[in-house]
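Following: one structure in structure tokens, then a few remarks.
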Amino acid sequence: MDSLNCVHTCFSGDLFLEAINKEANKGNGLKKICEIKKIDIKDTIAFGDNFNDIEMIEYAGIGVAMGNAEENVKQKSDYITLSNEENGVGKFLSDLFY
């Protein structure tokens with residue numbers, strides 16, 4: 001087996017390179033939780049700000065990038081909210097439900 005085909009790499013910060021099993025990502029984690037809890041993926045929201053969040057944001061029913069997210073994360077998201085420092089998650093959920 002080619003070892004390069006078994007590894008998924010991404011940056012989770014300017015200096016943090018993650019090298020993990022290619023099946024181990026936040027998108028697959030969300031998928032597994034939905035399967036176990038019998039939640040339809042269209043009923044999920046995922047928030048992220050860095051490259052290691054892309055699969056999760058793409059897989060979720062609604063993918064939301066934080067205002068401080070990397071540009072590539074923002075491009076992959078359905079919505080962009082305020083930054084972490086500005087309570088972006090709370091603001092997004094408040095706007096969505098109220």
Side-chain angles (χ1 to χ4, degrees):
M1 178 185 292
D2 184 358
S3 62
L4 293 178
N5 290 328
C6 298
V7 177
H8 171 77
T9 61
C10 69
F11 282 92
S12 59
D14 292 338
L15 302 174
F16 302 114
L17 173 64
E18 296 181 10
I20 55 178
N21 179 291
K22 71 177 184 176
E23 299 300 318
N25 63 61
K26 292 179 181 183
N28 284 338
L30 178 59
K31 181 179 180 180
K32 188 66 173 176
I33 290 169
C34 288
E35 289 172 0
I36 292 168
K37 297 291 188 177
K38 297 180 180 20
I39 299 169
D40 191 320
I41 195 63
K42 69 177 174 57
D43 296 328
T44 64
I45 303 172
F47 297 87
D49 64 355
N50 223 313
F51 300 111
N52 63 342
D53 298 316
I54 289 175
E55 291 91 353
M56 175 182 64
I57 285 173
E58 291 179 321
Y59 186 71
I62 298 173
V64 184
M66 305 306 295
N68 57 291
E70 298 289 339
E71 190 58 37
N72 196 26
V73 177
K74 290 178 180 177
Q75 292 173 4
K76 302 281 184 174
S77 299
D78 301 309
Y79 298 95
I80 300 170
T81 189
L82 299 175
S83 73
N84 295 341
E85 297 292 325
E86 300 169 296
N87 195 24
V89 173
K91 171 73 170 128
F92 184 86
L93 293 174
S94 179
D95 290 348
L96 182 66
F97 292 115
Y98 299 106

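Of all heavy-atom pairs between M56 and F47, the closest is CE-O, 3.4 Å. The shortest heavy-atom contact between S77 and I57 is OG-CG2, 3.4 Å. Between C34 and I41 the shortest heavy-atom distance is SG-CD1, 3.7 Å. In this structure, V89 and M66 approach most closely via the heavy-atom pair N-CE, 3.8 Å. Across A60 and I45, no two heavy atoms sit closer than the pair CB-C, 4.3 Å. Closest approach of N25 and G27 over heavy atoms only: OD1-N, 2.9 Å.
Listed for the N68 side chain is no donor-acceptor partner under 3.5 Å among the backbone atoms of S83. Counting only distance, with no hydrogens or angles, the side chain of D53 and the backbone of N50 share a donor-acceptor pair below 3.5 Å. In this structure, K74 contributes its side chain and G67 its backbone to a donor-acceptor pair below 3.5 Å.
A continuous path of ILVMFWY side-chain contacts below 4.5 Å connects F51 to L17, so both sit in one hydrophobic cluster. Placement of I62 and Y98 within a single hydrophobic cluster is found when ILVMFWY residues are connected by side-chain heavy-atom separations under 4.5 Å, directly or transitively. Neither F97 nor I39 shares a network with the other; the hydrophobic side chains, linked directly or stepwise wherever heavy atoms of I, L, V, M, F, W or Y lie under 4.5 Å apart, form separate groups for each. Both L96 and V64 are part of a single hydrophobic cluster, where members link through side-chain heavy atoms under 4.5 Å apart.
Going from atom NZ of K76 over to atom CD of E55 covers 9.5 Å, rounded to the nearest 0.5 Å. Distance check, rounded to the nearest 0.5 Å: CD1 of I33 to NZ of K38 gives 14.5 Å. To the nearest 0.5 angstrom, N52 atom CG is 11.5 Å from F16 atom CZ. Taking CG from N87 and OG1 from T81, the interatomic distance works out to 8.5 Å, rounded to the nearest 0.5 Å.
Around CD of E85, the count of heavy atoms belonging to other residues, nucleotides or ligands within 6.0 Å does not exceed 12. In K31, the NZ atom is not crowded: 12 or fewer heavy atoms of neighbouring residues, nucleotides or ligands sit closer than 6.0 Å.
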